[in-house]
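Data first, discussion second: the structure below is written as structure tokens.
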Amino acid sequence: MNVAESLRFFIPEIFLLTGAFAAVFVDLFSKNKKAAGVLSLLVLIGTACLSKHPEGSNFLFFGLFLLDSWTHFFRLLALGIVGVTILSSLAYKALPSNDEGEFYSLFLFMAFGLILMAASTNLLMIFLSIEFVSLLSYLLTGFLKKDSRAKEAAIKYLLFGSLASGVMLYGMSLLYGATGSLELSAIQAGISHSSFNTLSLIALLFFITGLGFKISAAPFHFWAPDVYEAAPTSVTAFLTVGPKALGFAVMIRVLSVGFPWLAWKWKPLFALLSILTMTIGNVTAISQNNIKRLLAYSSIAQAGYILMGIAAANETGLKGVLIYLMAYAFTNLGAFTAVIIASNHFGNDELESYAGLAKRSPFLAASLTLFLLSLAGLPPTAGFIGKFYVFSSAIQEKLFALAVIAAVNSAVAAFYYFKIVRIMYLVPETDRSPIAHPFPLKLALVLMLTGVLLMGLIPSPFIAFVKGIFS
Amino acid sequence: MTAHLLSLIIFTPLLGALLILLIPKSQESLIKQIALLATGIVFLLALLTFQTFNPGQADFQLIEKAVWIPQFNVHYFVGMDGISFPMILLTALISLLACLGSFGIQERQKEYYFLYLLLETGMMGTFLALDLFLFYVFWEVVLVPMYFLIGIWGGPRREYAAIKFFLYTLAGSLLMLLGILALYFNSNPHTFDWTELVKNSFALGFQKMVFLAFFFGFAIKVPVFPFHTWLPDAHVEAPTPISVILAGVLLKMGTYGFMRFSYPLFPEASVWFRPFFALLAVIGIVYGGFVALAQTDFKKMVAYSSVSHMGFVLLGLAALTQNGWNGALLQMFNHGTITGGLFLLVGVLYDRAHTRDMNAFGGLSAQMPVYSGILIFFSLASLGLPGLSGFISEFLVLLGGYQYHKTTTALACLGIILAAAYLLLMIRRVLLGPLNKKWQSLPEINTREIFTLVPLMILILAIGIYPKAILHYMTPALEALLLKVGGTLS
């Protein structure tokens, strides 16, 4: 489709971009920086309302942008994630009030970048959209200009990220050299021949390295804990969910469109990656005493569980990845919202500060407990449904060793999740001052709670939604 | 009323729990009343099943089935047969009595009763679910409230005991989940439905693998010998009513799982694993007995006696005979009433003396004659005195076991002798001898406490004298099940 025809399908994204620029202007000319935040929320809701479920596959802009139900799913997911992030930032005290407007507009651009990631099937677009999202991530990580640790983390993130991008780009160049095309389907047609096996495998490895960085899979995860700990908490919430989810979207797109014929090679590789990621994440999380750092390692482990779905590479597994990502988005955003409420009051993120939280704010403690149960994958929460799916896919593919290792990992993970629960419920409080729940944060918390419980108790509409993508 | 009887039994406590959430925590007496009302209603509903439950019928009754997750063929599917029926009665009764027994708890009452009622929902659901997915959900729902109930209201080492219980059980149940999934993908058509699954016949290799996966889940809960180390910690540290629930109901979830799922779904594997099963049972019986003998802590002694007594259930199962299975199921019920009672009695003493060291007591029979009488009654029931219920079930188990393997059964008899030894030793240390001066002002057991014990005593005596009253509810279902597994009748 040429540009003029494509625009008709591109209305939500145009609206989103316009909204992002509008937010920049509101920030420039209005003293009330919260207005930019509220505007951003409205823009996101508007974009979500404008985006209709596409019929079939629509190749827009000469095939650079693919609009299908896959893109649509991740578009909605990205909008939701960014929306909740902005909502929970509205009352986040650590943000400098002068720069707040900029913060929200950056997130709208981020949403746009994420949608591009979901939609690209062309190597160039994949690279550009990933870079776009990455650059914004570096900016947001270092957003607290006066915090030296945040600055350090942003630089670290930038260096690691650039290296990963470079490696990925090199892999892409190999593919282009072999086939003369940037289009994934054309590449598949050009190299799915045994004489290209080695080359394709090397290219794929480079690709996985780059994307592994985005989804913080071990052994490409070293940046994650520092960045997650030092970034503003609402940015951390976003980084553990948004780029990760879209990283998986691109990963699956690349594997299923570009390299399905190599599945017998990359499936064991992903099984290994999955085991490595969940084990390293979980084992390192045990000894953490900072809740953001603990949740950072937990989010690495969660990526490991999701990778199980890719390692299985059957229909259950791919659906499982999407369902897991949905459940994980509800859960992790919820958990971080609870952390923001608490850190607003404590001024730090040390686990000790949570002592006796159950008495000081029963609602907050109970919500955080529920999110942790969901992260641990216990029924009746969303996390259980996600785990159920990826475990199913592994069992269905007869990957029993992987499934057993994942089960043992889940038990280990329960240990450190309950470390937080223990401190909140079993350790007496040192301070009795009541904890404030500002409205936007409370709203975000209640929304995520509803999501976690609804998806855990009545999962069938969510499953049906995901199933629609594959039919 | 009887249309959704089982759902009412499962969800009334949950309703009560949600109601408690809405009440401010200062209204302590109202909270207690609601908890008592909820457990009371559940007990009445459980009694109502007597009316509609047909003991002659082996099939599931009072079935309720509704689609839950159509994409995975998951149903909300509950039903009751002669195996779950006694468990429901036991759970309803123990929950009610332990709720009464909880009234002594002063701290954080709103949270306590909320979790307590949540726990009851989980237990009831576990015993009634006939869809493996649903079963797993209820099975896990039991875990979390239990963690808090031990961890917040327990003894000095409560945190350790709570997390140990939690992780142990969770690890086991995750392996069970893998087994459930394997079962789902190997059944044709893919299903979690118990009634459909038993129609499948799986290859022996597959059966063995999944049997093992289920085994870890259930064996940790029972607990079977090498997996028992969480039990003494959890039982000792838990507050009295929770120890009662643990011993009275939770342990039965494991053996119930074996009976309901492992044996009928993997009949060939069960026969294959039979020697190991019997061996672990006997090790549990003898080892538990010896360790109980060595204890000076009253509660710990009762806890280890549980390991020993639950071994009889396993032995009865391994026997694969009518007598063995009747004995096993009856032993599950009896152990619930007897050990539940013993834990309540330990609690009565601990509330007054604040110690559980048996050597610190002595001569209490003069100071607390009523208490002593009741304690002796429960001890005699536990050591298997003819005329009381414990005798009947252990006798049936041994009878069944004898048909299977004589040496094993002979060794198991050692457990009964050991039980007599540790229980009589306990009576001597606590009740007989000169009265320790320190306890001269120890008040006698009060009416509320007696009230929690009397129903159990009536049941113990009634079953001891006329076991057919309960056996005839169990036998048809057990017979049918045994035929499926390929065991011997009569």
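Quick note on labels: first sequence line is chain A, next is B, and so on, each numbered from 1.
- Proximity to chain A is absent for every atom of B:Val67, based on heavy atoms less than 4.5 angstrom apart.
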Using only the distance criterion (under 3.5 Å, no hydrogens considered), which donor-acceptor pairs connect chain B with chain A?
| from | atom 1 | to | atom 2 | distance (Å) |
| --- | --- | --- | --- | --- |
| B:Trp68 | NE1 | A:Leu457 | O | 2.6 |
| B:Gln71 | NE2 | A:Ser460 | O | 3.0 |
| B:Arg108 | NH1 | A:Tyr425 | O | 3.0 |
| B:Arg108 | NH2 | A:Tyr425 | O | 3.1 |
| B:Glu159 | OE1 | A:Arg422 | NH1 | 2.4 |

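- Other residues, nucleotides and ligands contribute only 12 or fewer heavy atoms inside 6.0 Å of the CZ atom of A:Phe415.
- The closest side-chain heavy-atom distance from B:Leu178 to A:Phe400 is not below 4.5 Å.
- Most heavy-atom pairs under 4.5 Å with chain B, from the set A:Ile385, A:Val427, A:Leu457: that is A:Leu457.
- Interface remark: B:Ile152 contributes backbone and side-chain atoms alike to the contact with chain A (heavy atom separation under 4.5 Å).
- Contacts between A:Ala406 and chain B at a heavy-atom distance below 4.5 Å are absent for every atom of the residue.
- Contacts of A:Val404 with chain B are made by both backbone and side-chain atoms, with heavy-atom separations under 4.5 Å.
- The shortest non-hydrogen separation linking B:Ile69 to A:Pro459 is CD1-CG, 3.2 Å.
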* Take A:Phe418 and B:Leu167 through the side-chain contact (heavy atoms from CB on, under 4.5 Å) test and state the conclusion after the steps. => CA-CA 10 Å; A:Phe418 267 72; B:Leu167 290 180; over 6 Å; no

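- Residue A:Ile463 touches chain B through both its backbone and its side chain, counting heavy-atom pairs closer than 4.5 Å.
- Ring orientation note: the planes of B:Phe133 and A:Phe388 are nearly perpendicular, at an angle over 60° on the 30°/60° scale.
- Closest heavy-atom contact between A:Ala407 and B:Leu174: O-CD1, 3.3 Å.
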